[in-house]
Amino acid sequence: MSPETWTLRSGNDCLVVSPMGATVLDWQVCDLRAGDSAQQVAGTETKESAKASSYWEDGLADSSGVSAYQSDYRADSAPTCPGCVHVLDGYRSQDEARQMDGFRNALLAPWSNRIRDGKYCFQGKEYDFKGETIGGELALHGLIANQVFELIELKPDYLRAKVRVPKLEAYPFEVEIEVTYQISSSPHRLSLDMVAHNKGTGDAPITLGWHPYFLCPTGRAKNAKVTIAAENLVVTDEQLIPLRGQAAFCAQESPVILYGRGDFDCAYTSLIPKDGVAWAVLEHLNGSSTVLQMAGAKQGQGLASFQVYSAQDLLNRAGESIAVEPLLAMTDAFNRPECQDLVTVSPGCSQEMHVCIEHHM
């Protein structure tokens, strides 16, 4: 884990980002008018949920926006103010960050999720990762989550950073990832723009995703409701690899609603955008909600998708948050015929993903 973090501020809202993977560690939003209401809600929550709702201490940044990363944060430390909540559940210590358990809030590139047997074929050539990536045998979640990003630009509410994708025998392509984060406090909004540039002389396979975990105020994922405008469930095997061909798609009535369960890890595709924006909504018992939007993504069976995971298998704080992951393409996209046009990026061209989160208190 990098010894420093980048901190953005807008009003009373704060975003903390680690240079390692350009990973969001915390997004805290504040509504001072909601103080009395927040105190009432806190009084009804369990001791576990109170611990889950506060961690990264505020006020650490200096005037440059760079703050010291502390090795241990008390999980039961007090929130900054009664009207402040932590929307995203990131790594809370250096030990957690080193474990990379759950890929909390990770940027996923140059692919997202799993690759069948850690192997793929691109333009007639076969590649095998042989379990040599941070994602193990199924090459989970790409190659940049453990790479240190270089800061390009830092403003009070905005940062831009980049990294070169490490070249491997199984991924010999010249790709650079650039990420932009920006926050606002009215409304409470976090925007993410990720661009992958093909810097090589030949085509490169590239797709992108993001793995945000949304903290549940009650400390239990099954108490939250997730709504997604989508027409197809992605059907997978026991390793969460989509079945081959059309067997991978099961028609669903839209919108899809997930509620009352804490044991899901599933994806929905054939999204139904509104004005070019695909969306998912996370609603909580205390009346708060979070809207996740993905703009401009190519739609179709197996293309733009949302993966939803109730975090039941995590080593730390299992089941206390829900991951709603915006993805440009389904799992195993490098091996899927319906994804080939999307993932093939010509030299000098780029792949882009644009995501916005709004939290309503």
Side-chain angles (χ1 to χ4, degrees), residues 23-27 45-55 75-76 85-93 95-106 108 112-115 134-142 145 209-228 230 233-243 250 252 256-269 280-286 288-290 292 305-327 330-332 357:
T23 303
V24 172
L25 300 176
D26 185 29
W27 179 34
E45 293 178 351
T46 64
K47 183 182 294 185
E48 287 76 17
S49 66
K51 289 181 179 180
S53 66
S54 57
Y55 34 103
D76 59 351
V85 297
H86 299 270
V87 181
L88 296 182
D89 189 11
Y91 301 123
R92 301 188 190 180
S93 70
D95 286 341
E96 283 192 17
R98 279 190 289 266
Q99 290 173 345
M100 294 188 63
D101 178 51
F103 287 82
R104 290 182 181 271
N105 304 333
L108 313 178
S112 59
N113 294 61
R114 296 157 171 79
I115 295 177
I134 54 175
E137 295 298 321
L138 298 178
L140 187 64
H141 292 329
W210 189 31
H211 207 307
Y213 282 82
F214 298 91
L215 192 63
C216 299
T218 66
R220 304 182 70 184
K222 71 177 185 179
N223 290 337
K225 181 171 76 171
V226 181
T227 304
I228 300 173
L233 168 71
V234 178
V235 183
T236 65
D237 60 20
E238 293 180 353
Q239 292 185 310
L240 299 182
I241 300 294
L243 302 184
C250 178
Q252 305 284 295
V256 174
I257 297 177
L258 299 173
Y259 180 69
R261 291 177 50 193
D263 61 349
F264 48 79
D265 192 352
C266 51
Y268 295 90
T269 187
V281 179
L282 186 61
E283 298 172 271
H284 300 291
L285 291 180
N286 67 356
S288 67
S289 63
T290 307
L292 191 154
S305 308
F306 286 116
Q307 182 87 22
V308 189
Y309 172 46
S310 53
Q312 67 271 18
D313 303 314
L314 297 188
L315 295 177
N316 303 294
R317 302 180 300 285
E320 294 183 9
S321 59
I322 293 180
V324 183
E325 309 162 37
L327 311 168
M330 67 189 294
T331 293
D332 199 31
I357 302 173

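In this structure, CG on Asp26 lies 5.0 Å from NE2 on His86, to the nearest 0.5 angstrom. One finds the CZ atom of Arg317 at 4.5 Å from the CG atom of Asp89 (value rounded to the nearest 0.5 Å). Taking CH2 from Trp210 and CD1 from Ile357, the interatomic distance works out to 3.5 Å, rounded to the nearest 0.5 Å. A distance of 6.0 Å separates CG in Asp265 from OH in Tyr309, rounded to the nearest 0.5 Å. Here CD1 of Ile228 is found 7.5 Å from SG of Cys266. Values are rounded to the nearest 0.5 Å.
Listed for the Arg114 side chain is a donor-acceptor partner under 3.5 Å among the backbone atoms of Gln239. Tyr213 places a side-chain N or O within 3.5 Å of a backbone atom of Gly102 that can act as its donor or acceptor partner.
Using a cutoff of 4.0 Å between basic side-chain nitrogens and carboxylate oxygens, Arg104 and Asp101 are not scored as salt-bridged.
Checking His211, Gln307, His141 one by one against Glu325, the side-chain hydrogen bond (donor to acceptor under 3.5 Å, both in side chains) holds for a single residue, His211.
With sequence neighbours excluded, the residues forming a side-chain contact (heavy atoms from CB on, under 4.5 Å) with Ala221 are Cys216, Ser310, Ile322, listed by chain and number. Residues passing the side-chain contact (heavy atoms from CB on, under 4.5 Å) test with Ala145 are Met100, Phe103, Ala106, Ile134, sequence neighbours excluded.
In summary, the side chains of Ser93 and Asp95 do not present any donor paired with an acceptor at a separation below 3.5 Å, with no hydrogens or angles considered.
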